[in-house]
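Only one structure is covered here, and it is reproduced in the block below.
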Amino acid sequence: MLWNDRITGGWGWRLSLGLAGIPALLLTVGALLVVDSPNSLIERGRLDEGKAVLRKIRGTDKIEPEFLELVEASRIAKEVKHPFRNLLKRRNRPQLVIAVALQIFQQFTGINAIMFYAPVLFNTLGFGNDASLYSAVITGAVNVLSTVVSIYSVDKVGRRVLLLEAGVQMFISQVIIAIILAFKVKDHSDDLHKGFAILVVVLICTFVSAFAWSWGPLGWLIPSETFPLETRSAGQSVTVCVNLLFTFVIAQAFLSMLCHFKYGIFLFFSGWVLIMSIFALFLIPETKNIPIEEMTERVWKQHWFWKRFMDDDEVAAVTNGDIAKKNGHANGFDPTSQL
C-alpha cells in the first residue's frame with residue numbers, strides 16, 4: 001500500500017500484491033519440512049515410526065509407558081463414531097467452554113478492529129494518509145515480533161502468566177488511550193497534538209504486543225492441547241467456526257461503534273479485557289508440558305471448578321473396565337494382551 005503512490009506506471013499495486021506471496025511461499029516450504037507427530041503416526045497405524053519420533057522428541061529410549069498411553073488413547077479415539085455428539089458430553093464441557101470463550105474473548109480484545117481500521121484510527125487522530133499507513137505497518141511489525149516472543153516464552157513461563165500479564169497491559173493501554181482521546185479530541189477538532197498522537201501510537205503498539213504474545217497465539221494453542229484425541233477434530237472445528245463468526249461480527253460493527261462511542265470504544269474493549277482476565281485467572285488451568293493423554297488426570301480432575309465435570313468420566317471408566325474384565329474372563333481372554 002505504501003508504494004502505490006510512490007511507484008509510477010501502475011506497478012505499485014502489483015509489487016504490493018506480489019510481496020504478499022513471500023509469506024505464502026515460506027509457509028509452503030515450512031509445511032514440507034514439518035515432521036509428523038507421534039499421535040498422528042500412531043493414529044495411521046505407523047507404530048514403529050511413531051515410537052521413533054517420540055524417542056527423538058524425548059531424547060531417551062525410556063518412552064515405552066508414554067508410547068503405550070498414546071496407543072491406548074488412539075484406540076479409544078477410533079471407537080468414537082460421533083465426535084460432535086461426544087463433544088457435548090459432560091466430561092468434555094470444560095474443554096469446549098474454554099475453547100469457545102477463548103475465541104470470543106480473542107475478538108473482544110479489539111485487536112482485529114484496531115488492525116483492520118488502523119489507517120482510519122490514525123487519520124482520526126490527525127495523521128496524514130502516509131503517516132496512517134506507516135503507523136499501520138508499525139503495528140503489524142510489532143504484532144509479528146511479539147508473536148516470536150510468545151514462541152520462545154510460552155513453555156518457559158506458562159500459558160496463564162502470559163494471559164494474565166497481557167490482560168493487565170492491554171487494559172491499562174486502552175484506558176489511557178480512552179482518557180487521552182476524551183480530553184484531547186473533540187467532535188470539531190482537526191487533529192491531536194503531536195506529542196499526544198505519538199503517545200497514542202505507542203500505547204496502541206503496547207496493546208498489540210501484549211495481544212500478540214498472549215491471547216493471539218494462545219487462543220489457538222490452548223484448545224489444540226486440551227481437547228482429547230476422540231473429540232479433537234470436532235473441537236478444533238468449533239473453535240475455528242466461533243473465531244471466524246466473531247471476527248465477522250466485530251469487523252462489521254466496529255465503524256458504527258467508533259462513530260457512536262468515540263473514545264468509549266476503548267473503554268468498551270478494556271471492559272472485556274478485564275472480564276477475560278478474570279476468566280483466565282479462575283477458569284483456565286495451566287497446561288504447560290502436559291501431554292494430551294494426561295490432561296484429564298493432571299489438569300481437569302485437579303482443577304477447583306472443572307473437576308466436578310469429571311465424575312461421570314470416572315464412573316464410565318470403572319464400568320467399562322468391569323465389563324471388559326467380565327467379558328475377558330468369560331471368554332478366557334485378557335484385554336491387556338492387545339497392547
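Checking side-chain atoms of Arg160 against main-chain N and O of Pro285 turns up no donor-acceptor pair under 3.5 Å. With hydrogens and angles ignored, the 3.5 Å screen pairs no side-chain donor or acceptor of Arg159 with any backbone N or O of Leu218. Within the 3.5 Å criterion, the main-chain N or O of Glu230 finds no donor-acceptor partner in the side chain of Asn86. Not one N or O on the side chain of Ser74 forms a donor-acceptor pair closer than 3.5 Å with the backbone of Leu70. In this structure, the side chain of Arg90 does not engage the main chain of Met310 through any donor-acceptor pair within 3.5 Å. Under a 3.5 Å cut-off, the side chain of Arg232 and the backbone N or O of Ser224 do form a donor-acceptor pair. Side-chain atoms of Trp304 come within 3.5 Å of backbone atoms of Phe282 as a donor-acceptor pair (strictly under, hydrogens ignored).
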task = Evaluate the side chain to side chain donor-acceptor pair (under 3.5 Å) criterion for residues Thr287 and Glu225: first the C-alpha distance (whole Å), next the side-chain angles of each, then the deciding distance (0.1 Å), finally the verdict.
result = CA-CA 8 Å; Thr287 56; Glu225 62 186 10; 2.5 Å; yes

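For Phe248, the CZ atom sits in a loose shell: 12 or fewer heavy atoms of surrounding residues, nucleotides or ligands are nearer than 6.0 Å. Within a 6.0 Å sphere centred on CZ of Arg85, other residues, nucleotides and ligands contribute 12 heavy atoms or fewer.
Remark: Asp61 pairs with Arg55 by the salt bridge (charged side-chain N to carboxylate O under 4.0 Å, His left out) rule, at least two apart or across chains. With sequence neighbours left out, Glu49 forms a salt bridge (charged side-chain N to carboxylate O under 4.0 Å, His left out) with Arg46. Every residue two or more places apart in sequence or in another chain that forms a side chain to side chain donor-acceptor pair (under 3.5 Å) with Gln169 is listed here: Ser209. In this structure Glu165 satisfies the salt bridge (charged side-chain N to carboxylate O under 4.0 Å, His left out) test with no other residue, sequence neighbours excluded. Scored by the salt bridge (charged side-chain N to carboxylate O under 4.0 Å, His left out) test, Glu286 finds no partners at all (sequence neighbours excluded).
In plain terms, the two heavy atoms of Gln174 and Thr109 that are nearest each other are NE2-O, 3.1 Å. Of all the heavy atoms in Glu294 and Glu69, the pair that sits closest is OE2-OE1, 3.6 Å.
Aromatic ring orientation, Trp306 versus Trp300: perpendicular (interplanar angle above 60°, classes split at 30° and 60°).
A donor and an acceptor atom, one from each side chain of Asn243 and Gln106, are located under 3.5 Å apart.
A heavy-atom distance below 4.5 Å is not found between the side chains of Thr231 and Leu96.
Cluster annotation: Leu274 and Phe261 are assigned to the same hydrophobic cluster (Ile/Leu/Val/Met/Phe/Trp/Tyr, side-chain heavy-atom contacts under 4.5 Å, transitive).
Listed by first then second residue, pairs satisfying ring pair (Phe, Tyr, Trp, His ring centres under 6.0 Å) with a partner in residues 51-105 read Phe105-Phe279, not counting sequence neighbours.
Checked against the 6.0 Å centroid criterion, the rings of Phe269 and Trp272 do not qualify as a close aromatic pair.
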